[in-house]
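In what follows, a single structure is set out as structure tokens and then discussed.
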Amino acid sequence: MKIVSVCGARPNFMKIAALARAFAARLEFEARLVHTGQHYDASMSQSFFDDLALPRPDINLEVGSASHAVQTALIMQRFEPVVQEERPDAVLVVGDVNSTIACGLVAVKLQVPLIHVEAGLRSFDRTMPEEINRLLTDAISDLLFVTEPSGIANLQREGIPAEKMHLVGNVMIDTLLAHRELAARSDMVGRLELTRGEYAVLTLHRPANVDDPATLGRICSALEEIQRTTPVVFPVHPRTRGNLERTGWLARLQQLRGMRLTEPIGYLDFLKLMSEAGVVLTDSGGIQEETTVLGVPCLTLRENTERPITIEQGTNQLVGLDPARILAGFQRARSGQVPRRVPELWDGHAGSRIADIIARWHRERSA
Ligand code: UD1
């Protein structure tokens, strides 16, 4: 079975790593990897290929940054001839980035079956570009692999036939568990002169949080408070760096004694930083899942999450963007009263389950 897998942006690489490994372990797969080039900085892309020992992409579409319409269109334009040339039995996309929907659309229009890994997640907030990407990708997929029960309920509500969807667990967690030992050897915590359990890690990149100067300012003022008692490591996403510079916050944060601003950090170093943090503050989706498995308290700086299981079972608290709520959540996280349970099937074997189901599906189709 020939399968073309697509990756494009940072959160795709850890998902694709688990799948590439599962395909490589099974003789029936001939796997091709396409990188769209949505993320292209060494720190946002190549460093993940190195850390995760990912195979070099067979093809790089090198699309780079642009507006949503231009980026999506360019990916489609460059991916179409790849699918025409390769004639795969299926195209596989992961997550919810622009590369996901762009390549998904190309596949189905060429009548190539589409597989979506991390299907069914819903924030119910259609102002998020990712929510649109998720809804549309799921609507056109032939096989949908789901990480948590809420995803199955969402797909059922949207009328997706039951036989297309499979609750299989979380490939991002496969990669985390496979790299924990290697990450433990990173000297990142020492290099930043931090003490285990006594520091916070922050990531911010959502347009809704960082593009509006007033919202960005509210988050930064909460940080001014937190860093008085707890050092905060803040690897800055390129989009966020631009906005911090424009609003004058970059210089202000850099002057604070408790703030450590860095470039984006590679997978293993970041995993080490998260594992030993006292608390993580984030607007990322994947980090809510990773902290749940690591048992590290997480404050999500958003009003909603498409990953409710991280709140119901894991260490996640939704605190929104109001500084008072962020600080109250921070105190609760530091008090050690955060419950922790690892969701069912987040056990390191999701990639294997997916590969087995795809192989069976393909055998039945070609019989
Ligand atoms: C994208 C995804 C988001 C994901 C995030 C992880 C979409 C709609 N969004 O958002 O779901 O959580 O990746 O980071 O697909 N830039 C660089 N170098 C890079 C990449 C980006 O400098 O390697 C800068 C550019 O100025 C670019 C901006 O970051 O315009 C945003 O990049 P883009 O890929 O459009 O979206 P992200 O905000 O990274």
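In each ligand, atom 1 is the first atom listed, and ligand 1 is the first ligand listed.
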**Spacing of Leu182 atom CG and Lys272 atom NZ [to the nearest 0.5 Å]** = 11.5 Å
**Message:** Within the 4.0 Å heavy-atom shell around His68, which atoms of ligand 1 are there?
**Reply:** 8 (C)
**Request:** For atom 16 (N) of ligand 1, grab the closest protein heavy atom and report residue, atom and distance to one decimal in Å.
**Result:** Tyr40 OH, 3.6 Å
**Item:** Protein contact to atom 8 (C) of ligand 1 [nearest heavy atom, distance to 0.1 Å]
**Value:** Asn98 OD1, 3.3 Å
**Request:** Would you name the heavy atoms of Leu301 and Asn209 that are closest together and state the gap between them?
**Result:** O-ND2, 2.9 Å
**Complete:** Residue set satisfying side-chain contact (heavy atoms from CB on, under 4.5 Å) with Asp138, at least two apart, ordered chain then number -> His116, Ala119, Arg122, Leu144, Leu155
**Prompt:** Considering only heavy atoms of Met44, which atoms of ligand 1 have at least one such atom less than 4.0 Å away?
**Reply:** 14 (O), 23 (O)
**Prompt:** What are the two closest heavy atoms between Phe29 and Ile358, and how far apart are they?
**Reply:** CE2-CG2, 3.9 Å
**Asked** Is Ser45 reaching over with its side chain to a backbone N or O of Ala42, donor-acceptor style, under 3.5 angstrom?
**Response** no
**Prompt:** Would you say the ring centroid of Phe13 lies under 6.0 angstrom from that of His39?
**Reply:** no
**Request:** Could you find the nearest protein heavy atom to atom 13 (O) of ligand 1 and give me its residue, atom name and distance?
**Result:** His39 CE1, 3.1 Å
**Prompt:** Is there any N or O on Arg206 that sits under 3.5 Å from an N or O of ligand 1?
**Reply:** no
**Asked** Taking both backbone and side-chain atoms of His205, is any N or O found less than 3.5 Å from an N or O belonging to ligand 1?
**Response** yes
**Prompt:** Please state which protein non-hydrogen atom is closest to atom 35 (O) of ligand 1 and give its distance, to 0.1 Å?
**Reply:** Gln71 NE2, 3.9 Å
**Request:** Would you mind checking which non-hydrogen protein atom is closest to atom 2 (C) of ligand 1, with the distance to 0.1 Å?
**Result:** Val97 CG1, 3.7 Å
**Asked** Can a donor-acceptor pair be found between the side chains of Asn98 and Gln38 at a distance below 3.5 Å?
**Response** no
**Prompt:** What's the shortest distance from atom 25 (C) of ligand 1 to any protein heavy atom, and which residue and atom give it?
**Reply:** Ser65 OG, 3.2 Å
**Prompt:** With a 3.5 Å cut-off and no angle check, do the side chains of Ser150 and Glu148 form a donor-acceptor pair?
**Reply:** yes
**Message:** Under 4.0 Å, heavy-atom basis, I'd like to know which part of Pro11 is in contact with ligand 1: side chain, backbone, both or neither.
**Reply:** side chain
**Prompt:** Looking only at N/O atoms, are Arg239 and ligand 1 under 3.5 Å apart anywhere?
**Reply:** yes
**Protein contact of atom 22 (O) of ligand 1 - nearest heavy atom, named by residue and atom, plus distance** = Pro238 CB, 3.3 Å
**Asked** Can any side-chain N or O of Arg196 pair as donor or acceptor with the backbone N or O of Val189 at less than 3.5 Å?
**Response** no
**Prompt:** How close does the nearest protein non-hydrogen atom get to atom 9 (N) of ligand 1, and which residue and atom is it?
**Reply:** Glu130 OE2, 3.6 Å
